Structure formats: C-alpha cells, structure tokens
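The structure appears below as structure tokens.
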Amino acid sequence: MYPDVRTLTVADLADGAAHTPVLGDGAALSEPVLLVDLDDADAATATAAAARVPALDRLLVGRCTGVVPAALAPLTAALDLTYAAGADSADRAVVTAGDLDAAVGEFVACVGRFPQSALVAGQVLRISETLPVPEAIDVESLAYSTLQGGAEFSAWLDERRRLRRSLPPPAADPVLLDRDGDTLTITLNRPERRNAYGTALRDALVEALRLPLLDDTITTVVLDGAGPSFCAGGDLDEFGHTPDTATAHLIRTRGGAARLIAQLADRTTVHLHGHCVGAGIEIPAFAHRIVATPDTLFRLPEVTMGLIPGAGGTVSVPRRIGRWRALHLFVTGTALDAKRALEWGLINEIVEVGD
C-alpha cells in the first residue's frame, strides 16, 4: 500500500521491531518514518508499545481505518501523529482524513523528499513540548540554524536565488501605530509584499511591541495587517542574507517578535485575513485571542524548504493545536482553512469583514 515505508503492528512495536539504526552507510537516513497499524490493537499491547516510543529516533505515524479507540490513547499520545478515517475527534493526536490512504501517502512522500527537516521537526516538537516558551524558542532556532547548513535547504536556496529580485525599500512605514486611550493598534503595512516578514517589517514590529512592555497603561494590543493578506510569511528574497547561522540564531531569538508577543499574550488580540503563511501564523499563535475572516488560509511550508518554522511556530502552534497536528501541517505544508483552524483551536473566532 505504501511501498517505500515499513508498516508495523502494535505488537511489532511493543516487541522492539522499530529499534533499528536510523543511520545507514554514509550517514544516509534509513527509514525516517514508520507506520503503525492501530486496527485490532488491544489496550495492554498499546501501552507496552507506547513505552517503546520515546527511545526511537524516527517518525512514527499511526494509521486507523475507523475511529481511534479511547483505549489506545496512551499510544497515540506517544506517536508523532495518527491518521484516522473515523469522525473528527477531540483528540489532538489524531488527524481525521476523508481519504486515509491519500493522507498517509502524502505525509510519507513529504518525509521522503525532506527527511532531514521532517525528522528535526519531529524532534523539536517532542523536546520543546514541556519547555517554557523562551527556552523552547531557543531550541527551535538552534535546530533551524543546523538545517540552514543542510543539503535540503541548500537545494531550495539555490533554486530560489534564480528567482530572486532586487526590491526597493519600503515606500511607507512598514508598521503603523495608532493609540486610542488604553488600546494600541499595530498594523503591518507592506501590502505590496503581502506584509512579508522581512527585516524592515520585523524590526519595526519589534520596536512597536516594546512600547506596551514599557507602558503598562496600554492594556490592549491589537495586531492586524493592511492589504489583502495579514502576512505571507518570511520574505523569501531575503533568505540566505544573514552573515552566518550563529548571527541568524541571535537575530531570530533576541531580535524577533515571538518572545515579545508571548510576553504580551494576555493583552493581545490578532486580526487575521487572507494568507497567513509561516510567520504570519507562528507569531499570532502566541496571542491568547485570534480572530480571522472566513477566507483566511494558514500554511506552514518551511519543512518543504529544508527547514522548520523559525519565527516561533514550533512553540506557538502546537500549544494551540497539539504537536501531532502541528507536525502534520509542518511536514505536508498543506493549507488549513478558517473552519478547520477554529475546530482545532488555532484561532478563537471567525468574523465577517466589518464585524
């Protein structure tokens, strides 16, 4: 059914069948993802299998042709992700798929194309799940810097450089501020770039977010974006411009907006619309309240670039929807519409324009 990937039963997993070296000759990755057939598994075997998972180095993806039984919850919680054909579940470890084979096949194929970044994404999600936000952001960034030296990102960057354009500086302030009483509205203002999270916009946003941190009379922060999209993610024409990966790490963690939004979360509401790609949802996801218009689409494509989310997304997104569904979005790069985003808890409310 999936010719390029091995499928284990839950009993196989409990017996140690997945405990084989992940590195082959020449440090080539061997079986970066394994499937686990959850059909007909019993609770005792599932619990034994779950105990095996933390010691494994590869991605483990469950597959269930119906609704995942509650008795298997310890195992699905331990796995990296489970796809099921049954009705949608409140279990954040499960992604319900109308076409189960297609969903599993897409995930497996994406891992096959980008095994390094997919594996690192899974590792980071596991490691940072229980860390405080600042430390988790550091883990994400260190992993991101590692992948910047990898072959997968290098291949993507070579292709991107052939498409890169020379861009004029912003024609207007990249971020607009408007204070009304105790409310500060921060508007991303590069609509001609779909508010891409480039250097100028990032620095201006960070400067704006420092204001409410210094002024506690600002009790409400509203973040929105001008033009057709809230934010189309990192400015791809700037990728590869930092002088070295160590400097890039410090800029991401100490010069980015993620930590600041996390600090201001209780006071912050974000209004989303249009395309919210990469940083366009990674940063907002730290806020405690997110509203979006019905046409909003979310996408996290970094793994398909040989990277992982680098604007805080491995921290903010899983804390809203769970690390399992986050991995699904990261590895496949699939688009999530506003309705499903609301069901999963990525956003808090869908509002019509003008409401």
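The shown structure was predicted, so the numbers you read here are calculated from the model rather than taken from an experiment. Any value given below was found using the heavy atoms of this structure, including those in side chains, with hydrogens, waters and symmetry copies removed.
Using a 4.5 Å cut-off between side-chain heavy atoms of Ile, Leu, Val, Met, Phe, Trp and Tyr, with links allowed through other members, Val222 and Ile347 fall into different hydrophobic clusters. Under the 4.5 Å side-chain contact rule for hydrophobic residues, Leu211 and Ile283 share a cluster. In the hydrophobic clustering of this structure, Leu59 groups with Val22; members are Ile, Leu, Val, Met, Phe, Trp, Tyr whose side-chain heavy atoms approach within less than 4.5 Å, directly or through other members. A continuous path of Ile, Leu, Val, Met, Phe, Trp and Tyr side chains, each step under 4.5 Å between heavy atoms, connects Val53 with Leu38, placing both in one hydrophobic cluster. Val317 and Leu297 fall into different hydrophobic clusters, where Ile, Leu, Val, Met, Phe, Trp and Tyr residues are linked whenever their side-chain heavy atoms come under 4.5 Å apart, directly or through other members.
If you check the side chains of Thr185 and Asp178, you find no donor sitting under 3.5 Å from an acceptor. Using modelled atom types and a 3.5 Å distance limit, the side chains of Asp180 and Thr183 yield no donor-acceptor pair. At a cut-off of 3.5 Å, with distance as the only test, a side-chain donor of Thr9 or Asp12 sits close to an acceptor on the other residue. Side-chain atoms of Thr187 and Asp224 include a donor-acceptor pair closer than 3.5 Å. For Arg267 and Thr220, the side-chain atoms include no donor-acceptor pair closer than 3.5 Å. Side-chain N/O atoms of Thr65 and Asp39 include a donor and acceptor closer than 3.5 Å. A donor and an acceptor atom, one from each side chain of Glu152 and Ser117, are located under 3.5 Å apart. There is no side-chain donor-acceptor pair under 3.5 Å between Arg323 and Ser128.
When atom types are taken as modelled, the side chain of Thr45 and the backbone of Asp42 share no donor-acceptor pair closer than 3.5 angstrom. A donor-acceptor contact shorter than 3.5 Å links the side chain of Thr332 to the backbone of Thr334. Here the side chain of Arg179 pairs a donor or acceptor atom with the backbone of Gly181 at under 3.5 angstrom. Side-chain atoms of Thr47 come within 3.5 Å of backbone N or O of Ala43 as a donor-acceptor pair. Looking only at distances, no side-chain donor or acceptor of Asp295 sits under 3.5 Å from a matching main-chain atom of His273. A distance-only check finds no donor-acceptor pair linking the side chain of Arg194 to the backbone of Cys231 [under 3.5 Å]. Remark: side-chain polar atoms of Arg252 are not paired, donor with acceptor, to backbone N or O of Glu140 under 3.5 angstrom. Of the possible donor and acceptor atoms, none in the side chain of Ser141 sits under 3.5 Å from a partner among the backbone N and O of Asp138. In this structure, the side chain of Ser229 engages the main chain of His275 through a donor-acceptor pair within 3.5 Å. At least one donor-acceptor pair under 3.5 Å links the side chain of Asn195 to the backbone N or O of Ala226.
Val124 and Ala143 make their closest contact through CG2-CB, 3.5 Å (heavy atoms, listed as atom of the first residue, atom of the second, distance). When all heavy atoms of Leu272 and Gly280 are compared, the pair lying nearest together is CD2-O, 4.1 Å. Across Arg325 and Trp344, no two heavy atoms sit closer than the pair NH1-CD1, 3.3 Å. Of all the heavy atoms in Gly86 and Val67, the pair that sits closest is CA-CG2, 3.7 Å. For the residue pair Glu31 and Thr20, the shortest heavy atom distance occurs at OE1-OG1, 4.0 Å. Of all the heavy atoms in Pro191 and Gly227, the pair that sits closest is CB-CA, 3.8 Å.
To the nearest 0.5 Å, the span separating CD on Gln263 from OG1 on Thr268 amounts to 10.5 Å. Atom-to-atom distance recorded for Thr82:OG1 and Arg92:CZ is 14.5 Å, nearest 0.5 angstrom. The CD1 atom of Ile186 sits 6.0 Å away from the CG atom of Leu205 when rounded to the nearest 0.5 Å. Here the CG-OG1 distance, from Leu223 to Thr269, works out to 10.0 Å after rounding to the nearest 0.5 Å. Put simply, CD on Glu207 and CG on Leu260 are 10.0 Å apart, with the number rounded to the nearest 0.5 Å. Atom-to-atom distance recorded for Ile127:CD1 and Glu135:CD is 13.5 Å, nearest 0.5 angstrom.
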Just do the side chain to side chain contact (heavy atoms under 4.5 Å, CB included) check on Leu201 and Leu188 with the steps written out, would you? CA-CA 7 Å; Leu201 187 143; Leu188 309 183; 4.0 Å; yes
Tell me, with the steps shown, if Leu8 and Asp37 meet side chain to side chain contact (heavy atoms under 4.5 Å, CB included). CA-CA 6 Å; Leu8 308 178; Asp37 184 354; over 6 Å; no
Might you work through the side chain to side chain contact (heavy atoms under 4.5 Å, CB included) test for Leu56 and Leu13, ending with a clear yes or no? CA-CA 10 Å; Leu56 297 173; Leu13 183 58; 4.0 Å; yes
Under the side chain to side chain contact (heavy atoms under 4.5 Å, CB included) rule, what do Val36 and Val10 come out as? Steps first, then yes or no, please. CA-CA 6 Å; Val36 181; Val10 174; 4.0 Å; yes
Begin from the C-alpha positions of His328 and Tyr83 and carry the test ring pair (Phe, Tyr, Trp, His ring centres under 6.0 Å) through to its verdict. CA-CA 9 Å; His328 162 71; Tyr83 288 101; 5.6 Å; yes
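Considering only heavy atoms from C-beta on, Thr253 comes within 4.5 Å of His249 through its side chain. Between Ile137 and Val139 the shortest side-chain heavy-atom distance does not fall below 4.5 Å. Leu147 has its side chain within reach of Ile308: a pair of non-hydrogen atoms, C-beta onward, lies under 4.5 Å apart. Using a 4.5 Å cut-off on side-chain heavy atoms (C-beta onward), Ile261 and Leu209 make contact. Proximity of Glu302 to Val277: side-chain heavy atoms (C-beta onward) are nowhere separated by under 4.5 Å. Asp182 places none of its side-chain heavy atoms less than 4.5 Å from the side chain of Thr217. Side-chain contact check for Phe107 versus Leu81: some heavy-atom pair is nearer than 4.5 Å. Counting heavy atoms from C-beta outward, Leu79 and Trp324 have side chains that stay 4.5 Å or more apart.
Residue Phe230 is tested with Ile281, Val270, Thr296 for a side chain to side chain contact (heavy atoms under 4.5 Å, CB included); the sole match is Val270.
Looking at Asp173 and Arg190, no side-chain N of the basic residue comes within less than 4.0 Å of a carboxylate O on the acidic one, giving no salt bridge. With respect to the salt-bridge test (charged N to carboxylate O, under 4.0 angstrom), the residues Arg52 and Asp15 do not qualify. Salt bridge status for Asp80 with Arg58: absent, with no side-chain N to carboxylate O gap under 4.0 Å.
Applying the salt bridge (charged side-chain N to carboxylate O under 4.0 Å, His left out) test to Glu349 and every residue at least two apart in sequence or in another chain returns Arg289.
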